[in-house]
Amino acid sequence: MIQRLLKTLVGVATIAAFAGSVLAQDSKVADELAKYREALADGNPADLLEVKGEGLWSEKRGPKQASLEQCDLGLGPGKLEGAYAQLPKYFKDTGKVMDVESRLVHCMVTLQGFKQEQVTRQWFSKPGQDSDIEALVTFIGAKSNGKPINVPASHPEEAKMAKMGEYIFYRRSGPQDFSCAICHGQEGKRIRLQDLGNLTTKDGAGTAMKTWPSYRVSQGAVWTMQRRLIDCMRQARWPEPNYLADSIIALETYLQKNATGTVMETPGIKR
Amino acid sequence: MKLKFALFFALSAAFGASAQADKPVDAPGGKFAKDAEQMFRSSFRTDNSKYWMARLDQDETMKTCGLYRDNPPRKLGEKLEKLNAATIRYPVEGKLIGDWKEGEKLAAVGTGGHIGFIQPDPAGKLRGGNCYACHQLAKQEVAYGTIGPSLQHFGKIRGNSEEIIKYAYDKIYNSNAFTACTNMPRFGLHSWLTPEQITHIVAFLIDPESPVNKD
Amino acid sequence: MNNQRRTVLKSGSGAALLGMLAAAGIITPGMALADWNKAAFDAKSMADTLKALGAGSPADSKDVQVTGPDIAENGAVVPVGVASSLPNISMVAILIEKNPNALAATFVLPEGTEANVQTRVKMGQTSNIYALVKSDGKFFMATKEIKVTLGGCGG
Amino acid sequence: MGNPMKIRAANKDGVTEVKVLVSHEMETGQRKDAAGAIVPAWFITELVAKHGDKVVLSSEFGPSVSKNPYLAFKFKGGAKGEKITVSWKDNKGDSRSDEATIG
């Protein structure tokens with residue numbers, strides 16, 4: 001036991017010594033990365049999609065030839081300012097906790113008369129194939145820019161979803177033994193050069209959640225939170241969840257709850 | 001933080017004040033853990049193959065680590081470490097140190113094994129160790145992660161004794177044999193890397209000619 | 001910083017909207033568009049590209065700058081710029097040595113337009129970036145290495 | 001026709017700075033799709049910016065300009081309320097023009 005303890009202590013001391021020697025190089029790398037990110041910030045291609053989403057929101061479409069202007073995202077029909085920042089939440093009319101995307105699809109089905117399969121077929125874009133959902137979510141997200149995230153999860157159904165999200169966050173499986181927590185449960189770590197953030201804290205979850213939806217330069221597309229989390233599961237080498245799956249909404253509820261109070265800065269732009 | 005926990009558990013165990021309980025007081029999901037497991041399982045596309053879905057199954061290590069947020073009480077941790085140590089297999093040839101150049105390639109590769117329908121890896125895509133995602137290794141690679149400790153000059157510092165070589169091999173094969181619930185994958189246990197591939201990564205860490213040690 | 005950017009966008013959105021209204025083909029394309037320099041864009045090596053641009057072997061100049069970060073987080077989008085204090089610059093080009101085709105873009109600058117252009121390019125790997133300028137009919141060049149890093153989870 | 005561009009133009013101390021963001025795939029012609037087939041090249045070849053009737057920048061792009069191209073440049077002159085027009089055409093013959101007012 002004592003031996004084990006000593007081993008750990010020696011290990012920590014060795015790491016600390018290393019950290020010192022690489023610090024100078026690291027800070028230069030960090031400076032150049034900051035320069036890179038700053039250069040991208042002015043001129044975010046997500047802005048092009050936001051304009052498109054704005055058009056789609058007010059355009060009369062679908063079998064019912066209706067716009068989405070009466071869509072209730074939780075603050076009342078047509079109330080968009082700050083709506084994204086307070087999702088996911090419990091909706092009486094469906095009896096479910098819904099995130100921005102499941103609620104948007106609900107509106108497209110109920111208000112515009114689309115079939116769910118029809119509107120979700122292209123839920124994310126591919127080169128040369130635009131996604132209406134991506135554009136709409138970018139537009140809806142931008143309407144919460146500058147607003148604090150507010151998901152207290154005080155309704156019992158919301159509290160339950162947040163708790164179930166926490167369970168999934170720590171659940172390990174697959175050929176790499178991954179869970180969300182192994183990369184996102186500690187302070188001050190990075191994967192390659194990307195800061196990870198501790199998503200169990202307000203700061204970490206806030207930094208992560210406030211910039212979505214976000215234009216990803218590595219993908220050449222805006223990613224919604226559903227897309228982000230479904231891809232996390234792909235990276236964990238797990239099978240593919242359904243779009244709008246409850247497990248994804250549960251994770252979102254958990255993360256938004258942790259991030260509550262953080263001011264949104266969206267659409268973001270990142271690697 | 002983790003060290004604090006380790007200290008706490010180590011000390012409490014040493015004083016005989018057993019910290020072992022069947023369940024931690026704050027298990028993730030609380031009273032909804034069972035519901036959450038069911039919901040999670042039923043959230044996947046029905047056209048995922050059975051073989052893919054099997055990747056969601058958890059062994060005892062995974063279950064315990066999740067339950068304790070990767071900080072199991074020391075006694076449980078030791079039990080898991082013994083369990084995992086028993087899984088380690090060695091290459092048929094018996095040689096634990098291979099070709100550092102092969103290891104260097106594997107350390108940089110982060111692809112392989114992705115499934116699903118959006119961006120799966122094509123069949124036969126090389127599965128790498130993705131060591132740089134979490135560790136600093138060769139000096140010239142600046143894009144390294146910090147989830148794990150720096151391994152720069154691994155061999156230069158520790159030498160190339162048989163014990164060190166075996167330690168490196170065992171650690172890569174099954175990291176949980178040393179530290180239960182570490183963030184590091186169990187590369188050998190899951191056949192993510194073959195024993196031969198592991199020997200190449202061992203060489204990358206230990207061979208004096210490897211850029212890990214040379215620069 | 002992001003919020004600041006949003007403010008800029010908001011105040012400029014009137015202009016963007018105007019742009020949209022005017023967009024539907026009111027201004028016919030093709031006007032004043034020169035012929036695309038196929039030979040230069042198809043050239044593979046630096047030398048062949050310079051030849052196709054009629055630049056020969058340009059002299060290095062301290063009065064030409066390649067701007068951009070030393071490290072790119074992703075090769076798909078690398079912000080680069082060219083700036084120069086040389087007189088009467090009529091043309092600027094950006095070349096990426098290790099790309100399959102070195103030439104990324106050329107800019108013809110009429111009198112009154114400053115020799116200060118920024119854009120974003122793709123880089124397949126870490127490479128030298130060259131800025132080529134034509135000043136008073138003569139070509140000058142400057143270079144900078146940009147490191148392209150692998151990022152994220154790795155796949 | 002493509003999607004609208006985002007054009008910002010601001011005059012400060014007699015110099016107008018123009019920033020353009022264009023919606024375009026910018027396919028290199030070297031990428032393979034999921035089935036392993038080469039995706040044909042599709043990229044903007046020419047882009048021209050005008051201040052009123054006067055050309056202030058005329059550029060040629062290759063496929064290594066990033067997806068959704070970004071461009072920033074400055075010219076002497078220009079006044080608040082005057083028009084900036086940006087036009088592009090691509091290798092498939094598609095084209096588009098948008099305009100913005102100098103702010």
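Quick note on labels: first sequence line is chain A, next is B, and so on, each numbered from 1. Predicted model, so just to flag it, every value in this text is computed and none were measured.
- A salt bridge links B:D70 to A:R172: at least one charged side-chain nitrogen sits closer than 4.0 Å to a carboxylate oxygen.
- The number of heavy-atom neighbours closer than 6.0 Å to NZ of B:K156, taken from other residues, nucleotides and ligands shown, is above 12.
- Remark: A:K89 NZ is packed, more than 12 non-hydrogen atoms of other residues, nucleotides or ligands lying under 6.0 Å away.
- With sequence neighbours excluded, the residues satisfying ring pair (Phe, Tyr, Trp, His ring centres under 6.0 Å) with A:W238 are B:F40.
- For the set A:E166, A:E187, A:K126, the entry with the most heavy-atom pairs within less than 4.5 Å of chain B is A:E166.
- How far CZ of A:R234 is from CG of B:D121: 7.0 Å, rounded to the nearest 0.5 Å.
- Among the candidates B:G66, B:G148, B:A33, the residue making the largest number of heavy-atom pairs closer than 4.5 Å to chain A is B:A33.
- Across B:S43, B:G145, B:G30, the residue that shares the most heavy-atom pairs under 4.5 angstrom with chain A is B:S43.
- Considering only heavy-atom pairs separated by less than 4.5 Å from chain A, the leading option among B:T46, B:D57, B:L56, B:D47 is B:L56.
- Among A:D177, A:I191, A:I182, the residue making the largest number of heavy-atom pairs under 4.5 Å with chain B is A:D177.
- The neighbour count for B:K139 NZ, taken as heavy atoms of other residues, nucleotides or ligands under 6.0 Å away, does not exceed 12.
- In this structure, the portion of A:I168 lying under 4.5 Å from any heavy atom of chain B is its side chain and not its backbone.
- Residues of residues 239-250 of chain A that come within less than 4.5 angstrom of chain B, heavy atom to heavy atom, are A:P239, A:E240, A:P241, A:N242, A:A245, A:D246, A:S247, A:A250 in numerical order.
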Next item on the list: Decide side-chain contact (heavy atoms from CB on, under 4.5 Å) for B:R69 and A:T200; before the verdict, give the C-alpha distance in whole Å, the side-chain angles of both, and the deciding distance to 0.1 Å.
Entry: CA-CA 11 Å; B:R69 298 172 196 244; A:T200 68; over 6 Å; no
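- For the pair B:R55 (side chain) and A:R237 (backbone), a donor-acceptor distance under 3.5 Å is present.
- A:Q186 places a side-chain heavy atom less than 4.5 Å from the side chain of B:I147.
- The backbone N or O of B:T146 lies less than 3.5 Å from no partner atom in the side chain of A:R190, so there is not a single donor-acceptor pair.
- The minimum heavy-atom distance between A:Y167 and B:P28, with the atom names listed, is CD1-O, 3.4 Å.
- Side-chain contact between A:R171 and B:E37 is present, with at least one heavy-atom pair separated by less than 4.5 Å.
- Using a 4.5 Å heavy-atom cut-off against chain B, the contacting residues of residues 219-231 of chain A are A:Q219, A:R227, A:I230, A:D231.
- Residue contact with chain A, scored on non-hydrogen atoms closer than 4.5 Å, is absent for B:A54.
- Heavy atoms from other residues, nucleotides or ligands lying under 6.0 Å from CD of B:Q140 number more than 12.
- For A:F169, the ring pair (Phe, Tyr, Trp, His ring centres under 6.0 Å) test picks out A:Y254, with sequence neighbours left out.
- Side chain to side chain, A:Q176 and B:N130 fail the donor-acceptor criterion of an N or O pair below 3.5 Å.
- Chosen from B:C134, B:G113, B:S191, the residue pairing most often with chain A at heavy-atom distances under 4.5 Å is B:G113.
- Interatomic distance, OG of A:S173 versus CZ of B:R41, reported as 7.5 Å (0.5 Å rounding).
- Two residues are said to be in side-chain contact when any heavy atoms from C-beta on lie closer than 4.5 Å; A:M164 and B:Q38 fail this criterion.
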